[in-house]
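One structure is given below, encoded as structure tokens.
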Amino acid sequence: MANGTIAEHAKSFYEEGTSKKTGLLGWFFSTDHKRIGIMYLAALSTFFIIGVILALFMRLELIAPGETLMDAQTYNTIFTLHGVIMIFLFIVPGIPAIFGNFFLPLMLGAKDVSFPRLNLLSFWIYIVGAILVVISLFVPGGPIDTGWTFYIPYSVRTGTNVSLAIFAAFVLGFSSILTGLNFITTVHRLKAPGMGFFKMPLFVWSTYATAWIQVLATPVIGITILLVIMERAFGIGIFDPSLGGDPILYQHLFWIYSHPAVYIMILPAMGIVSEIIPTFARRTIFGYNAIALSSLAIAFVGYLVWAHHMFTSGMSDTARIVFSFLTFIVALPSGVKVFNWVATMYKGSIDPQPPFLWVMAFIVLFSIGGLTGLVLGSLATDIHLHDTYFVVAHFHYVMFGGTGTIFFAGLYYWFPKMFGKLYHTKLANIGVALFFVAFNLLYFPKFIMGYQGMPRRYYDYLPEFADLQLVSTIGSWLMAIALIIVFGNLIRSLRTGRKATSNPWGGVTLEWHTTSPPPLENFETDIVVTHDPYDFSQLEDMKNE
Amino acid sequence: MSNNHEIVVPTETHGHVHRDDVGARMGMWLFLFTELLLFGGMFLIYGVYRFQYSEEFHFAAMELNTGIGTLNTIVLLTSSLTVALSISALQKKNKFLSVVFLSLTIVFALAFMVNKFFEWSAKFSHGIYPGSEDLINKSNGEVVFFGLYYVMTGIHGLHIVIGVILLSFILVFLIRDKITPDNFVKLENAGLYWHLVDLIWIFLFPLFYLIQ
């Protein structure tokens, strides 16, 4: 129906807003989920780049033993800020805030989320939280230096601006909760006619599971943070050992949130993988139900493993064995996903476009990250590797190599839909390749150093680590170049890219059934779902639309 | 509801009037889950320290004024009743009675806060507050008990204050006919929130005032 001429008549959401305001205000007061998604993209990318720059300074300091660039206190501040910014301002809101906002209603065939104004409010709250973090850098007392885990008793004793910085984390948590409850309600209430739970695209499934974690886990960090602030302000004694409190209890409460939070970070990424692989293998996903339910299984089991961060903190052996066992259980649903993805590709007609290459990089990097997680999850090896570079390497392989890689995969997959432009394919391929090489150069030496005993967060190190530290720092420079190519390609395409058709990759989920970029209310006509989400037999019909 | 959503000028609004009472209630319930977990964290801490310092908790709890606590429990339970009655009155299309019951709820909430004020100031005048000389000289368990007492009843009190503000807005909506017998999901949701605040007090009251 909607052939070229009609599509040109329809206004995209860039040209038509939800309010009369125009220009930047028309964005800042827009309740359109697509505009909110793009605003999140801009804000999160900014903080990601700031986090990267901080990391580059850290790596530069570590290029040789002793002081090279900054004093030890500055180093402590920088690694704390790198963690706080990357965790609370980039990767936790991350994929749900950007792609969830933009694509969840589109994939459900809905006009918007259930509570559009609440959605805008949660974006504003995010911005307030971000501003608080920035303020905490400049007010007297100095930037926070506790590490992103804010462990007590140091976080109560230090004179730096801990209270303000962690209050920012509390505010950001609020934003996360509101987004989560909005998405859950949207999934329950706004599925297009004909779409049941088991006809939803898998990205929707994983975002739905994530939203439950956001709602059920975030309040626990909220109250923990408030208690730390009150401990600092009034000395209530709940965590302070000198007043009778228990610092280990703080660690429990912190990880009761922060472990499920790593699934907030990774589950939506797994959802995007489940979208990209069928599209580029031209084949329906293998084991749809298993992948959908494994998201819920990960979300559930993820609640019960928090104490594996605390094997050396002091716990009974029984508790440690139970938590270690449960940690291994998480590997099962994760494995279910990986095997189903690989099985989907089997006998598919694979078209290795850039998004697919990002997913390949993901599978390798995430598998390394996941398997080294098992090394840390088993009790005996963890005693040796606890708080070493091995942990740092593992964490970056799963978070940056996992979620970060898929953030780029999603960006390269949906960029034509979001902006209506195509990017330079060859440059994109070079970007992925360089990213992959740089990543391993940057982080793999940390596995070796950690195994040899290099502790994390140290400002200085023994001369025997000098060679590997140097390799890692060179990797960080290559990574910077790779990121410039990856981002630069997209930014350049915004202006000079060729115009994208409504379905450049041949995807079949609902977002490909509308124009690129979509109109204000997402679809020209009311959507009725007739096919399974990955039924590629409809591709011929879509060409005639 | 009219079906004219395609005629409305699209630049003015979203172009369709979206109303989903079930969805609105679902969102509220999800929010209440997060509140339960927020307090759940504190109840967990209470449980841990009650186990660790059972004797000190016993002595410290004797210093709390059970009379004021009981009075506040009665006040808050009654306010929960009046907010429920306000909803029922509106459902029976009796706006006047609904306004009366909702106003009564706000009055009870304020009465609760006044009681709380006197209770806390009495404690302060006895030198029992976090960081005070008197408290630091007591045993660790008692410090933790009063730390928890102030934090938990304090955060609960904050919820009462937020509730008063929320209910006042709802009252204005009700008077101005923004909330009607056909469309009262806002009042229902505010009521749900108020019941939760009440429910949490029902747990706080025995844990601090009654178990000695």
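Since the structure is predicted, the reported quantities are computational estimates derived from the model, not experimental observations. Just so we're on the same page: letters track the sequence lines, and every chain starts at 1.
Proximity to chain A involves both the backbone and the side chain of F31(B), based on heavy atoms less than 4.5 angstrom apart. In this structure, chain B has a heavy atom under 4.5 Å from the backbone of S242(A), while its side chain stays farther away. Neither the backbone nor the side chain of F146(B) comes within contact range of chain A; no heavy atoms are under 4.5 Å apart. Heavy-atom distances place both the backbone and the side chain of L216(A) under 4.5 Å from chain B. With a 4.5 Å cut-off on non-hydrogen atoms, L36(B) does not touch chain A at all. Using a 4.5 Å cut-off between heavy atoms, I238(A) contacts chain B through both its backbone and its side chain. For a residue to count as touching a neighbouring chain, one of its non-hydrogen atoms must lie under 4.5 Å from one of that chain's; by this rule L227(A) touches chain B with the side chain only. In this structure, no portion of Y129(B) lies under 4.5 Å from any heavy atom of chain A. Neither the backbone nor the side chain of I221(A) comes within contact range of chain B; no heavy atoms are under 4.5 Å apart. Contact of V48(B) with chain A is made through the side chain alone, with heavy-atom distances under 4.5 Å. When heavy atoms are compared at a cutoff of 4.5 Å, D246(A) approaches chain B by way of both its backbone and its side chain.
When the shell of 6.0 Å around CZ of F118(B) is examined, it contains 12 or fewer heavy atoms from other residues, nucleotides or ligands. At most 12 heavy atoms of other shown residues, nucleotides or ligands fall within 6.0 angstrom of atom CD in E133(B). F13(A) CZ: more than 12 foreign heavy atoms inside a 6.0 Å radius. Counting non-hydrogen atoms of other residues, nucleotides and ligands closer than 6.0 Å to NZ of K186(B) gives a total of 12 or fewer. Other residues, nucleotides and ligands contribute at most 12 non-hydrogen atoms within 6.0 Å of the CZ atom of F234(A). A 6.0 Å sphere centred on CZ of F300(A) holds no more than 12 heavy atoms belonging to other residues, nucleotides or ligands. Counting non-hydrogen atoms of neighbouring residues, nucleotides and ligands closer than 6.0 angstrom, the CZ atom of F117(B) reaches no more than 12 such neighbours. Other residues, nucleotides and ligands place more than 12 heavy atoms under 6.0 Å from the OH atom of Y193(B).
Expressed to the nearest 0.5 Å, how far OG1 of T224(A) lies from CD1 of I45(B) amounts to 6.5 Å. Between the CG atom in L181(A) and the CH2 atom in W29(B) there is a gap of 14.0 Å [rounded to 0.5 Å]. Distance check: L30(B) CG to H188(A) NE2 gives 7.5 Å after rounding to the nearest 0.5 Å. The CE atom of M42(B) lies 11.0 Å from the CG atom of L253(A); values are rounded to the nearest 0.5 Å. To the nearest 0.5 Å, atom CD1 of residue I236(A) and atom CG of residue L135(B) are 11.5 Å apart. Note that NZ of K138(B) is 14.5 Å distant from CG of L243(A), once rounded to the nearest 0.5 Å.
Counting heavy-atom pairs closer than 4.5 Å to chain B, the top residue among M230(A), H252(A), R189(A), E231(A) is R189(A).
For T34(B) against V215(A), the heavy-atom pair with the smallest separation is CG2-O, 3.3 Å. Scanning all heavy atoms of the two residues, the minimum distance from G235(A) to P130(B) falls at O-CB, 4.1 Å.
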**Item:** Intermediate values then yes/no, side chain to side chain contact (heavy atoms under 4.5 Å, CB included), L249(A) and Q52(B)
**Value:** CA-CA 12 Å; L249(A) 190 57; Q52(B) 192 174 342; over 6 Å; no
**Request:** Step by step, work out the side chain to side chain contact (heavy atoms under 4.5 Å, CB included) result for D20(B) and T185(A).
**Result:** CA-CA 10 Å; D20(B) 180 5; T185(A) 316; 5.6 Å; no
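Between V220(A) and L44(B) there is no side-chain heavy-atom pair separated by less than 4.5 Å.
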